[in-house]
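Report on one structure; see the data block that follows.
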Amino acid sequence: MSAACEKASAKELARVVPHILEAPKDHAVITSLCLRPGYGKREFVDEITLTVAQGIPGERWATAPWLKLEDGSPDPRIQVSILSSRVVDAVWTDPSVMVHPGDPIVADIDTSFANLPAGTRLRAGTAVLEVSDAVNDGCVKWKTRYGPDAKAWLTLPENMPHRLRGVLCRVVQDGVLRRTDRLTKL
């Protein structure tokens, strides 16, 4: 990453929270679909396949999940992540040198616990996702890529209910999601 890359400050991030909270509650426009073929690699696609057995086939959930079951297998609650496009706009300040967060689905949606509590089902194209109780509060990669202010912003007590780092889901019905589809609550 270039030393000239300006990362969002705590003050700038605090200012955008009201805008993030104004995101649609339902019928979310998908702004990007992303696959991660390798560490730090991103492939933007027009559609992704979602399966109960594999999550997103070829995605790293099956081979390098950050959360595992007791038997060592990938935890299905984290098969798919959905990140608010408004959060991406706030932290991905220089796409020419910064790596995209890598969430497979980026959409203009309110990802808060109030709007998408655990168990909420979302139609994603012909697939169905279920919001899990697992929480993503960011990781060292988020801090490295977007700065310490961006990492701290995720976990501020007043921001935790907004689930700024997005929602984690499991696939409950196989299907295909296209960029032209919308995420809708069932």
Side-chain angles (χ1 to χ4, degrees), residues 7-36 42 44-48 50 56 77-95 98-139 141-143 145-147 149-172 175 177-186:
K7 296 177 180 171
S9 70
K11 192 177 225 180
E12 291 167 325
L13 292 167
R15 260 197 314 268
V16 299
V17 171
H19 175 65
I20 291 168
L21 299 181
E22 292 170 353
K25 308 286 184 215
D26 199 0
H27 304 287
V29 171
I30 296 167
T31 58
S32 72
L33 297 175
C34 179
L35 300 176
R36 299 165 295 181
R42 304 293 186 258
F44 296 97
V45 295
D46 290 326
E47 70 178 44
I48 55 175
L50 301 151
I56 299 170
R77 298 177 303 157
I78 65 165
Q79 285 178 317
V80 179
S81 60
I82 302 170
L83 184 59
S84 164
S85 59
R86 296 172 188 223
V87 170
V88 172
D89 291 345
V91 300
W92 198 31
T93 58
D94 190 348
M98 296 172 111
V99 176
H100 179 273
D103 296 77
I105 302 170
V106 176
D108 191 18
I109 192 166
D110 173 1
T111 60
S112 70
F113 286 104
N115 188 49
L116 297 174
T120 301
R121 292 202 170 185
L122 297 169
R123 166 114 3 241
T126 58
V128 176
L129 305 175
E130 184 177 270
V131 175
S132 81
D133 60 348
V135 176
N136 185 354
D137 62 2
C139 63
K141 290 181 285 188
W142 184 272
K143 182 178 178 179
R145 291 173 182 156
Y146 312 115
D149 286 350
K151 171 63 171 104
W153 176 66
L154 298 175
T155 57
L156 289 172
E158 63 269 27
N159 287 342
M160 289 299 289
H162 310 316
R163 208 171 12 200
L164 297 175
R165 186 57 190 91
V167 294
L168 297 164
C169 303
R170 70 182 182 102
V171 180
V172 294
L177 175 63
R178 292 177 177 83
R179 276 234 20 238
T180 54
D181 293 328
R182 290 186 178 232
L183 294 178
T184 57
K185 291 193 235 179
L186 296 176

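Quick caveat, the model's predicted, so the values are computed rather than measured. Note: hydrogens, waters and symmetry copies are ignored here, and every other heavy atom, side chains too, is used.
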Check your understanding: Should Lys151 and Thr155 count as side-chain neighbours, where that means a heavy-atom distance under 4.5 Å?
Key -> yes
**Study point:** Residues forming a ring pair (Phe, Tyr, Trp, His ring centres under 6.0 Å) with His162, sequence neighbours excluded
**Key:** none
Check your understanding: Can you check whether Ile20's main-chain N or O pairs, donor with acceptor, with Arg86's side chain at less than 3.5 Å?
Key -> no
Check your understanding: Trp153 and Leu13: which non-hydrogen atoms are nearest, and at how many Å?
Key -> NE1-O, 3.2 Å
Review point. So do Ile105 and Val80 actually touch side chain to side chain, heavy atoms under 4.5 Å?
Key: yes
Review point. Are Val88 and Pro101 side-chain neighbours, meaning at least one heavy-atom pair lies under 4.5 Å?
Key: yes
Review point. Does the side chain of Trp92 come within less than 4.5 Å of Val87's, by heavy atoms?
Key: no
Review point. Is the side chain of Arg163 donor-acceptor paired with the backbone N or O of Leu116 at a distance under 3.5 Å, no angle test?
Key: yes
**Study point:** For Arg123, all residues meeting salt bridge (charged side-chain N to carboxylate O under 4.0 Å, His left out), sequence neighbours excluded
**Key:** none
Exercise for review: Identify whether the distance between the nearest side-chain nitrogen and carboxylate oxygen of Arg178 and Asp46 falls below 4.0 Å.
Suggested key: no
Check your understanding: Which atom names give the shortest non-hydrogen contact between Gly125 and Asp181, and what distance separates them?
Key -> CA-OD2, 3.3 Å
Practice item. Would you check if the side chain of Thr184 reaches a backbone N or O of His27 as a donor-acceptor pair within less than 3.5 Å? Key: no
Review point. Under a 4.5 Å cut-off applied to non-hydrogen side-chain atoms, are Met98 and Arg145 in contact?
Key: no
Revision key, fill the gap. On a heavy-atom basis, the closest approach of Thr93 and Ala8 is CG2-N, 4.0 Å
Review point. Can you tell me if NZ on Lys185 sees more than 12 non-hydrogen neighbours from other groups inside 6.0 Å?
Key: yes
Practice item. Nearest 0.5 Å please: distance from the CD1 atom of Ile48 over to the CD1 atom of Ile30. Key: 8.0 Å
Point to revise | Test log, rule side-chain contact (heavy atoms from CB on, under 4.5 Å), inputs Leu154 and Trp142 | key: CA-CA 10 Å; Leu154 298 175; Trp142 184 272; 3.4 Å; yes
Check your understanding: Do you know the tightest heavy-atom contact between Cys169 and Val131?
Key -> SG-CA, 4.0 Å
**Study point:** Rounded distance (nearest 0.5 Å) linking atom CG of Leu164 with atom CG of Asn159
**Key:** 5.0 Å
Review point. Which atom pair, heavy atoms only, marks the closest approach of Ala23 to Ile109?
Key: CB-C, 3.6 Å
Review point. CG of Leu50 to OG1 of Thr126: how many Å apart, nearest 0.5 Å?
Key: 8.0 Å
Point to revise | CG-OG distance between Asp108 and Ser85, expressed to the nearest 0.5 angstrom | key: 4.0 Å
Check your understanding: Does the side chain of Leu122 reach to within under 4.5 Å of the side chain of Ile82, using non-hydrogen atoms?
Key -> yes
Practice item. State, with a plain yes or no, whether a side-chain heavy atom of Pro104 is found less than 4.5 Å away from one of Ser81. Key: yes
Practice item. Please identify each residue that fulfils salt bridge (charged side-chain N to carboxylate O under 4.0 Å, His left out) with Arg77, with sequence neighbours left out. Key: Asp75, Asp133
Practice item. Output yes when a side-chain donor or acceptor of Asp149 lies under 3.5 Å from a complementary backbone atom of Ala10, and no otherwise. Key: yes
Exercise for review: Could you tell me whether a side-chain N or O of Arg42 sits under 3.5 Å from a main-chain N or O of His100, the two making a donor and an acceptor?
Suggested key: yes
Exercise for review: Write down the atom of Gly102, the atom of Cys34, and the distance for their closest heavy-atom approach.
Suggested key: CA-SG, 4.1 Å
Exercise for review: Keeping the roles fixed (side chain from Gln79, backbone from Val171), state whether a donor-acceptor pair exists under 3.5 Å.
Suggested key: yes
Practice item. Output all residues satisfying salt bridge (charged side-chain N to carboxylate O under 4.0 Å, His left out) with Arg165, sequence neighbours left out; order by chain, then residue number. Key: Asp103
Review point. What salt bridge (Lys or Arg N to Asp or Glu O under 4.0 Å) pairs are there with at least one residue in residues 15-25, not counting sequence neighbours?
Key: Lys25-Asp110
Practice item. Not counting sequence neighbours, which residues clear side-chain contact (heavy atoms from CB on, under 4.5 Å) with Val135? List them please. Key: Phe113
Exercise for review: For residues Thr111 and Leu83, determine if any side-chain heavy atom of one lies less than 4.5 Å from a side-chain heavy atom of the other.
Suggested key: no
